[in-house]
Amino acid sequence: MAKINFGGTEENVVTREEFPLSKAQEVLKNETIAIIGYGVQGPGQSLNLRDNGFNVIIGQRKASKTWDKAIADGWVPGKNLFEIEEACEKGTIIQFLLSDAGQITLWPTVKKHLTAGKALYFSHGFGITYKERTGIIPPADVDVILVAPKGSGTSLRRMFLQGRGLNSSYAIFQDATGKAWERVVALGIGVGSGYLFETDFKKEVFSDLTGERGTLMGAIQGIFAAQYEVLRSNGHSPSEAFNETVEELTQSLMPLVAENGMDWMYANCSTTAQRGALDWWKKFRDASKPVFEDLYKEVAAGREAQRSIDSNSKDDYRVKLEEELKELRESEMWRAGAAVRKLRPENN
């Protein structure tokens, strides 16, 4: 483990240089990794582990779309694709990758197969952090660990196939065997992490829920909508408003920020853009910071978690979700976006 200075603060990180894939393979050579759930994170993590030479099996409900998807991805029923309960029984490491609501429902099934010495693995701290609300309380004689890739399972897989890595956090909630650290780091390397940074279950879920509702999705959609609507109300065409709001940011500027940082971007734009960005960014910070402070308080108090549990557990959840997604999809801004994407050179 190395100590790296991030902006004046030292943090514990693990790189692929100091913990290479060969070491991860050695640590887990006698383990059977059972991936429970084949939705958001399951495909990317399981396929990367399989391609990296680990012993991986999938646990999924038969006669489901995700069962069929697993078969399409090369998993073979009876060989490395099983019903959930059989996979839990066979696995020495159980990667619990269902949705938060799905974890609550399936927990009694998983728990009875957590015999002494096994490891229970999460990619989100939700179930453990809010255990009073979820009922997910692991037995004392198993390791409880977390690897949380900082992106979607799709991105994790895509970057792996490109020879790159998606950074992940890791945490240990319970070390029953004395092997939890080696297990969690080996799994983090195995799923395709760029580097691993240390956290705990509570900090992971607090930051994750804040980020999802904030700059990763909620806030960015709100900012997109606000700017697009102002441009449209002042006579700009849908194409101009969308290109200036979304397309230029996502296709041109963000890749450069990812490569070089925002300071580089400020130093390498026109003097007019530079002056305006420097004058206005603090106004946007000051306007949005109170919203982020309210958001973090809601997350820390558990109210955001409870809203998710209550909403996602309802029988009509998917119907209502589709209604909300339809509202986004059919908004003028994202209809303009669909048209713009079709006009990109790679699509013609």
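Just so you know, these numbers use all the heavy atoms, side chains as well, and skip hydrogens, waters and symmetry mates.
Counting only residues at least two apart or in different chains, salt bridge (charged side-chain N to carboxylate O under 4.0 Å, His left out) contacts with residues 52-68 are absent. Among residues at least two apart or in separate chains, salt bridge (charged side-chain N to carboxylate O under 4.0 Å, His left out) pairs with a member in residues 70-80 are Lys69-Asp73. Listed by first and then second residue, the salt bridge (charged side-chain N to carboxylate O under 4.0 Å, His left out) pairs that reach into residues 211-226 are Arg213-Glu304, sequence neighbours excluded. Listed by first and then second residue, the salt bridge (charged side-chain N to carboxylate O under 4.0 Å, His left out) pairs involving residues 18-31 are Glu26-Lys29, Glu31-Arg183 (not counting sequence neighbours). Applying the side-chain hydrogen bond (donor to acceptor under 3.5 Å, both in side chains) definition to pairs two or more places apart or across chains, those involving residues 108-130 are Gln45-Tyr121, Gln45-Ser123, Glu85-Lys112, Glu85-His113, His124-Glu204.
Counting non-hydrogen atoms of neighbouring residues, nucleotides and ligands closer than 6.0 angstrom, the CZ atom of Arg158 reaches no more than 12 such neighbours. Within a 6.0 Å sphere centred on CD of Glu259, other residues, nucleotides and ligands contribute more than 12 heavy atoms. Remark: Lys150 NZ is packed, more than 12 non-hydrogen atoms of other residues, nucleotides or ligands lying under 6.0 Å away. Few gaps surround CZ on Arg285; more than 12 heavy atoms of other groups in view lie less than 6.0 Å from it. Counted within 6.0 Å of CZ on Phe6, heavy atoms from surrounding residues, nucleotides or ligands total more than 12; the atom is thus considered enclosed.
By the salt bridge (charged side-chain N to carboxylate O under 4.0 Å, His left out) test, Arg50 pairs with no residue at all, sequence neighbours left out. The side chain to side chain donor-acceptor pair (under 3.5 Å) test applied to Lys320 returns Asp316, not counting sequence neighbours. Residues forming a ring-ring contact (aromatic ring centres under 6.0 Å, His included) with Phe160 (at least two apart in sequence, or on another chain): none. In terms of the side chain to side chain donor-acceptor pair (under 3.5 Å) criterion, Thr215 has no residue partners (sequence neighbours excluded). Under the salt bridge (charged side-chain N to carboxylate O under 4.0 Å, His left out) criterion, Asp141 pairs with no residue, sequence neighbours left out.
Taking the six-membered ring wherever Trp is involved, the centroid distance between the rings of Trp334 and Phe242 falls below 6.0 Å.
Of the charged side-chain nitrogens involved, none lies within less than 4.0 Å of a carboxylate oxygen, so that Lys203 and Glu198 do not count as a salt-bridged pair.
A donor atom on one side chain and an acceptor atom on the other are found under 3.5 Å apart for Ser168 and Ser193. For the residue pair Ser237/Ser239, the side-chain donor-acceptor check at 3.5 Å is not satisfied. Trp67 and Tyr38 share no side-chain donor-acceptor pair at under 3.5 Å.
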| field | From CA spacing to verdict: salt bridge (charged side-chain N to carboxylate O under 4.0 Å, His left out), Lys282, Asp286 | value | CA-CA 6 Å; Lys282 291 180 181 177; Asp286 294 345; over 6 Å; no
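Hydrophobic side-chain contacts under 4.5 Å tie Ile94 into a cluster, directly or through other members, with Ile36, Ile84, Phe96, Leu98, Leu106, Trp107, Val110, Leu114, Leu120, Phe122, Ile128, Ile136, Val142, Val144, Leu146, Phe173, Phe201. Through direct or relayed side-chain contacts under 4.5 Å between Ile, Leu, Val, Met, Phe, Trp and Tyr, Leu321 connects to Tyr317, Leu325.
In this structure, the side chains of Glu248 and Asn243 stay at 4.5 Å or more apart for every pair of heavy atoms.
Between atom CG of residue Leu256 and atom SG of residue Cys269 there is a gap of 11.0 Å, rounded to the nearest 0.5 Å.
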